[in-house]
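Worth saying up front: this structure is predicted, and the values here are computed from it rather than measured. Just so we're on the same page: letters track the sequence lines, and every chain starts at 1.
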Amino acid sequence: MAIIIDENTKAVVQGITGYQGSFHTERMLSYGTKIVAGVTPGKAGMEVHGVPVFNTVRDAVEETNANASVIFVPAAFAADAVFEAVDAGIKTVVCITEGIPVHDELKMYWKVKDNDVTLIGPNCPGIISPNKSHLGIMPPQIFMEGNVGIVSRSGTLTYQIAYNLTKLGIGQSTVLGIGGDRIIGSDFIDILEKFEKDKETDLVVLIGEIGGTDEEKAAEFIKDMSKPVVGYIAGITAPPGKRMGHAGAIIEGRMGTAESKIKALNEVGVEVGKTPMEVAEIVKRVLKA
Amino acid sequence: MAIIIDENTKAVVQGITGYQGSFHTERMLSYGTKIVAGVTPGKAGMEVHGVPVFNTVRDAVEETNANASVIFVPAAFAADAVFEAVDAGIKTVVCITEGIPVHDELKMYWKVKDNDVTLIGPNCPGIISPNKSHLGIMPPQIFMEGNVGIVSRSGTLTYQIAYNLTKLGIGQSTVLGIGGDRIIGSDFIDILEKFEKDKETDLVVLIGEIGGTDEEKAAEFIKDMSKPVVGYIAGITAPPGKRMGHAGAIIEGRMGTAESKIKALNEVGVEVGKTPMEVAEIVKRVLKA
Amino acid sequence: MKLHEYQAKQIFAQNGIKIPKGKLAKSVEEVETIVKEFGKAVLKSQVLVGGRGKAGGIKLVNSVDEAVEKAKELFGKEIKGHLVEKIYVEEQLDIDREMYVGFTLDRANKGIAAIVSSVGGMNIEEIAAKHPDKIARKTINPKWGLWDYQVRELLYESNMPKEYFKEVFGIIKKLYNVMIKYEAELTEINPLIVTKDGEVIAADARLNVDDNALYRHKDLAELKDYTEVDQLERIAEQKGLNYVKLDGNIGVIANGAGMSMATMDLIYLENGKPANFLDIGGGASAELVKEAMSIILQDKNVKVIFINIFGGITRCDQVAEGLIKALSEMEVGIPIVLRLAGTNEEEGRNMIKEFLKQTKEEIALVETMEEGAKKAVELGCKNGDNN
Amino acid sequence: MKLHEYQAKQIFAQNGIKIPKGKLAKSVEEVETIVKEFGKAVLKSQVLVGGRGKAGGIKLVNSVDEAVEKAKELFGKEIKGHLVEKIYVEEQLDIDREMYVGFTLDRANKGIAAIVSSVGGMNIEEIAAKHPDKIARKTINPKWGLWDYQVRELLYESNMPKEYFKEVFGIIKKLYNVMIKYEAELTEINPLIVTKDGEVIAADARLNVDDNALYRHKDLAELKDYTEVDQLERIAEQKGLNYVKLDGNIGVIANGAGMSMATMDLIYLENGKPANFLDIGGGASAELVKEAMSIILQDKNVKVIFINIFGGITRCDQVAEGLIKALSEMEVGIPIVLRLAGTNEEEGRNMIKEFLKQTKEEIALVETMEEGAKKAVELGCKNGDNN
């Protein structure tokens with residue numbers, strides 16, 4: 001199983017002829033991901049790493065029956081790209097693009113919501129179901145197939161923790177970054193719901209950071225989950241009012257502190273590791289128990 | 001049973017302090033309809049025919065648990081009234097108001113659609129489930145409880161046909177006018193679906209008129225219905241390009257002629273009466289068979 | 001409400017869509033002055049009806065003399081029943097290609113239909129029939145409006161040549177803005193032309209706006225050209241009546257649009273011809289009945305009037321009272337067939353019966369609308385020919 | 001990007017919201033001239049920080065002499081770390097009542113939060129705590145925008161007195177338009193005042209716009225006040241680095257925002273204090289590593305630098321190459337702790353080991369980020385005090 005993407009995922013790359021799009025298409029293909037089409041307006045007929053390019057997502061879907069999309073277009077065109085994918089019938093959209101205006105992100109959110117589409121991101125590293133499919137910009141070699149799901153607001157921190165797990169011989173069912181922006185398509189709960197239902201996942205690692213109240217809301221949900229969750233929260237030392245890289249990583253007033261999130265998670269029985277290494281060790285211990 | 005409204009319907013009247021709102025509130029009340037609240041901004045605390053008035057639909061719903069609304073506000077405020085009702089949690093909205101800008105009607109359509117609300121109208125005479133509830137401006141005395149459902153794009157023509165049926169001793173489960181505008185909340189199919197499922201309805205009378213393709217689309221649906229449908233189509237003599245009273249009653253190009261509609265209905269086995277009297281006679285014959 | 005080409009073009013121009021140089025003329029002299037300035041020109045009759053060109057309403061003129069001659073022909077000419085009172089004089093364009101862009105209300109899909117074609121100049125049904133591969137259609141959901149990907153899809157699907165992509169892209173977006181901003185029911189550029197110099201220009205312009213929304217667009221409301229509306233229909237509109245003139249001889253008054261149409265249809269079934277559609281609406285007051293009568297009587301073809309009322313909220317006794325009042329104040333002189341049913345029908349019918357004892361007007365009281373139609377046709381035949 | 005009060009007010013005024021008469025002054029002389037014109041006035045320090053008033057940044061002046069005296073005090077003063085360089089001089093208003101209207105991004109509900117209170121003048125958290133019955137909050141769905149019924153609900157639920165209904169209704173709608181038109185993250189009128197004459201006026205103005213959307217709002221982008229941004233942060237921004245200055249002594253360089261925060265946190269866990277947040281992002285080029293180093297070295301508190309890289313797409317050998325290049329071109333003089341893990345970590349570490357043979361810079365190569373933090377704190381303590 002795994003969640004959201006697997007060996008049946010057939011993806012379109014939107015913005016395939018750009019530098020990022022082309023570079024990561026090659027990487028995804030070499031991992032074995034089924035990239036069946038690319039889209040760049042005006043470039044129909046081209047091929048990028050053997051993948052046929054179409055003018056519109058609609059054309060791409062008609063020709064290839066693609067069911068997912070990865071978006072690499074520049075920020076100014078990203079919302080349009082998401083809308084296009086949704087209206088072409090794509091059911092899983094992974095938006096890598098960062099720097100999208102937040103009012104555009106609000107529209108993206110409601111567009112996918114209205115159409116029962118899963119949007120991962122924007123401003124995210126993507127998603128990988130090890131040995132099955134990889135849609136995004138992650139370093140696939142550090143992951144290993146297994147029974148731990150990882151959902152994270154951060155990219156490199158996810159890699160670090162997955163790497164630690166892999167080193168301990170603990171594989172992953174699906175690993176994904178939900179994105180560092182304030183408005184994202186899928187939040188922790190959306191993903192936790194899927195992991196809870198996934199037969200291949202026995203434990204979930206939740207990697208949060210300061211800003212917003214998603215981790216607190218996730219804790220509410222975790223209370224009723226049957227599977228154990230292990231947490232990590234970055235930003236204990238972040239000062240209020242300053243954005244820590246991610247648009248969403250900001251403490252506003254008394255909202256969004258690491259303390260509040262760790263407390264909420266602890267209260268529903270989630271052990272929160274103090275360091276990425278400790279997270280992996282907790283996972284190991286919990287899995288054994 | 002009956003469809004959409006019944007003895008459990010508790011309605012708010014939006015625009016209750018206006019002339020139309022007040023007049024019809026009295027009529028609906030005297031028929032036994034449960035009008036539990038009225039709404040007119042700034043008039044909270046008033047009573048109209050013993051019905052308490054609130055400033056907002058939200059307040060009205062909180063106080064009275066109303067689950068339906070009838071809208072009598074002027075055209076310029078009607079879309080806002082529909083939106084307000086939907087966001088206050090009302091699940092059945094009957095919009096009597098005529099003359100609403102069509103771009104407003106488009107928004108109304110999608111707002112109710114997004115929220116799984118049933119909108120009847122606008123520009124309609126309302127809905128009656130005889131002896132149970134009446135939301136609208138119909139003459140309730142001409143209806144009789146029974147097993148024939150009537151759905152219609154016209155007001156007086158509905159009364160005429162219901163009257164003919166009642167005179168023949170044939171009662172009605174629910175009778176409603178879906179409205180004479182081009183964009184309406186519920187079309188024939190929406191209502192036919194409900195009649196098909198309603199245990200109290202054994203036959204449906206569909207009263208159409210020129211303009212649009214709703215009757216043709218309804219025919220497609222009727223093909224798979226288990227219950228008999230009897231039709232009437234007004235406007236055989238209407239010239240193309242002229243609006244026959246209703247905004248929706250206009251033949252545009254080759255679209256929307258009475259011939260096309262009668263043909264479509266006949267093709268799926270619907271007998272279409274040439275006169276309102278003949279409709280009643282067909283119903284009688286079909287019910288006996 | 002339909003706007004004239006020159007009005008629509010002005011709005012297009014205000015919204016960034018290129019239009020040809022043009023000026024409105026209301027007299028031959030004005031045409032002359034303008035053509036002196038333009039040199040060659042096109043004289044376009046401003047009538048609110050499609051197919052002006054084929055009907056001879058558009059003339060190319062290559063000299064001032066020719067312009068004066070053609071202008072004299074056009075002014076006062078009737079085109080498909082519409083009198084030419086205004087001529088829009090435009091520069092002549094070197095046309096390299098004709099295309100089509102339009103938006104219209106999409107009833108079936110509850111949105112705005114966007115239609116783009118890489119060929120144009122004929123009506124859209126003809127384009128669709130002759131060049132199905134060169135036309136693209138899409139429904140725009142009013143929740144989200146028109147997005148760039150939809151414009152691209154329209155361009156690709158209509159096989160728009162690449163060299164016009166950018167220009168037509170902009171025009172599609174601007175025309176959609178017009179559709180939304182002015183709450184139009186339809187707006188269309190046909191043809192959208194490419195000149196030999198490669199300019200993309202709206203050579204014609206249609207803009208029909210929603211009467212119900214005019215209260216939000218006072219500037220548009222002022223553009224209404226009442227000369228274009230049938231005079232009786234205009235009077236009826238002012239009185240709050242829905243009246244449409246037809247070419248039969250049986251006047252029809254009914255309450256409700258569906259009921260009015262059904263009444264017309266019944267007359268037709270009895271081999272009669274209705275003279276009009278007239279819906280007096282729900283709350284038929286005495287005054288309104290009188291107004292309805294007076295409008296119908298202005299149509300000299302009318303030989304008999306069939307009044308068909310189903311009393312719902314309207315009480316039949318009130319209608320009877322109104323009718324009696326009307327008949328007391330005006331002389332009708334042709335027979336009336338009256339059907340009163342529904343609320344208080346007995347009271348109403350009795351009032352009429354009483355009135356009949358003291359009037360010389362002929363009123364045939366009938367029981368059903370079917371019977372009424374039969375009677376009206378019978379009386380119509382007697383009173384005049386009934387073709 | 002935060003706009004100054006005077007900038008936000010100008011935008012409010014352009015969008016139909018009444019503001020007090022006011023003029024911007026950049027010197028004591030300008031203040032003097034303006035107060036001569038106004039008579040009585042309010043001097044408002046234009047610093048991008050909340051609570052200016054309580055911090056002494058706002059002065060009522062009743063004469064020109066007093067204005068000059070207070071202006072001298074204010075110019076150059078530091079308010080919560082922000083230097084006063086501009087004073088907005090406004091007419092004094094007779095305030096009868098203070099209210100609140102604001103819109104802000106609603107992360108939790110994926111919309112725009114509308115907040116209205118019939119009391120104002122204190123911050124919104126304080127209003128919510130002290131007057132829960134006088135505050136109303138609602139999420140506006142971006143699909144549909146703000147509708148009239150929502151404005152009415154906000155007014156009723158905030159117990160807005162009826163006499164201000166109409167005015168405040170209009171202001172709420174106009175402020176929402178500002179929120180959408182300028183793609184704001186937050187816009188607020190606090191207090192929205194009623195004068196003794198019954199006028200409703202925006203006495204203060206906040207408008208924070210979305211940096212990501214500035215490319216669509218060139219006019220706003222030009223308003224950016226770079227004096228308000230920490231100089232190092234500004235330089236970092238121009239180089240494409242995310243840098244936030246903190247008050248510790250251990251410089252941090254990491255790739256990824258989460259990784260950078262985690263690195264800071266690890267230092268804190270080891271009882272050290274990070275000097276900064278610095279995320280060099282995904283594609284750390286040699287040039288970027290050098291820029292990051294040079295920014296950190298400008299912070300004289302920094303006693304040690306911890307570079308923590310997890311190679312994903314970024315290859316560790318490339319990072320090593322960049323670092324070596326940087327160290328060849330600049331003198332660092334303080335110890336560096338380096339953690340390289342992930343893609344090509346062995347190659348990277350070997351390159352550094354080779355480099356260490358030929359450099360006098362101190363580089364401690366560590367295996368894990370946990371170990372790195374410990375080492376950095378150790379070196380930081382040795383190199384300076386570590387409080």
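Each of A:Arg153, A:Gln141, A:Arg254, A:Met138 has some count of heavy-atom pairs under 4.5 Å with chain D, and the biggest count is that of A:Gln141. For chain A, the option among D:Gly258, D:Ala213, D:Ala341 with the highest count of heavy-atom pairs below 4.5 Å is D:Gly258. Between chain D and the options A:Gly180, A:Pro276, A:Ala75, the largest number of non-hydrogen pairs under 4.5 Å is found for A:Pro276. With chain D as the partner, the residue from A:Ile233, A:Asp114, A:Thr156 showing the most heavy-atom pairs under 4.5 Å is A:Thr156. With chain A as partner, the option from D:Ala373, D:Gly50, D:Ala184, D:Ala254 having the largest number of non-hydrogen pairs under 4.5 angstrom is D:Ala184. Here A:Gly235 is the residue among A:Gly253, A:Gly235, A:Gly155, A:Pro139 with the most heavy-atom pairs under 4.5 Å with chain D.
Atom CG of A:Asn164 and atom CE of D:Met369 lie 8.5 Å apart (nearest 0.5 Å).
The shortest non-hydrogen separation linking A:Leu106 to D:Pro142 is CB-CG, 3.7 Å. D:Asp210 approaches A:Arg182 most closely through the heavy-atom pair OD1-NH2, 4.3 Å. The nearest pair of heavy atoms linking A:Asp104 to D:Arg216 is OD1-NH2, 3.0 Å. Shortest non-hydrogen contact noted between A:Val102 and D:Leu105 is CG2-CD2, 3.6 Å. Across all non-hydrogen atoms, the minimal contact from A:Tyr232 to D:Ala262 is OH-CB, 3.3 Å. Smallest separation of non-hydrogen atoms from D:Met259 and A:Ser154: N-OG, 4.2 Å.
In D:Lys239, the NZ atom is not crowded: 12 or fewer heavy atoms of neighbouring residues, nucleotides or ligands sit closer than 6.0 Å. In the displayed structure, A:Glu220 atom CD is contacted under 6.0 Å by at most 12 heavy atoms of other residues, nucleotides or ligands. Under a cut-off of 6.0 angstrom, the local environment of CZ in A:Phe221 is crowded, with over 12 non-hydrogen atoms contributed by other residues, nucleotides or ligands. For A:Phe77, the CZ atom is loosely surrounded, since the number of other residues' heavy atoms within 6.0 Å does not exceed 12. No more than 12 heavy-atom neighbours from other residues, nucleotides or ligands sit within 6.0 angstrom of CD on D:Gln231. Atom CD of A:Glu98 has 12 or fewer heavy atoms from other residues, nucleotides or ligands within 6.0 Å.
Proximity to chain A involves both the backbone and the side chain of D:Asp265, based on heavy atoms less than 4.5 angstrom apart. Only the side chain of A:Ile142 comes within less than 4.5 Å of a heavy atom of chain D; its backbone N, CA, C and O stay farther away. Heavy-atom distances place the backbone of D:Asp106, and not its side chain, under 4.5 Å from chain A. For a residue to count as touching a neighbouring chain, one of its non-hydrogen atoms must lie under 4.5 Å from one of that chain's; by this rule A:Lys113 does not touch chain D. For chain A, the nearby part of D:Thr368 is the side chain; its heavy atoms alone come within less than 4.5 Å. Residue contact with chain A, scored on non-hydrogen atoms closer than 4.5 Å, involves the backbone and the side chain of D:Lys110 alike. Within the 4.5 angstrom heavy-atom criterion, only side-chain atoms of D:Asn242, from C-beta onward, approach chain A. For a residue to count as touching a neighbouring chain, one of its non-hydrogen atoms must lie under 4.5 Å from one of that chain's; by this rule D:Asn109 touches chain A with the backbone only. Within the 4.5 angstrom heavy-atom criterion, only side-chain atoms of A:Glu252, from C-beta onward, approach chain D. Neither the backbone nor the side chain of A:Pro125 comes within contact range of chain D, judged by heavy atoms closer than 4.5 Å. There is no contact between A:Ala258 and chain D, counting heavy-atom distances below 4.5 Å. Both the backbone and the side chain of A:Thr275 come within contact range of chain D, each with at least one heavy atom under 4.5 Å from a heavy atom of that chain.
The aromatic rings of D:Phe310 and A:Tyr159 lie tilted to each other, with the angle between the two planes from 30° to 60°.
Residues of residues 236-251 of chain A that come within less than 4.5 angstrom of chain D, heavy atom to heavy atom, are A:Ile236, A:Thr237, A:Ala238, A:Pro239, A:Lys242, A:Arg243, A:Met244, A:Gly245, A:His246, A:Gly248, A:Ala249, A:Ile250 in numerical order.
With A:Trp110 contributing its side chain and D:Gly111 its backbone, the two residues share no donor-acceptor pair below 3.5 Å. The backbone N or O of A:Met277 lies less than 3.5 Å from a partner atom in the side chain of D:Glu370, making a donor-acceptor pair.
Residues D:Ile180 and A:His103 have side chains in contact (heavy-atom distance under 4.5 Å, counting atoms from C-beta outward).
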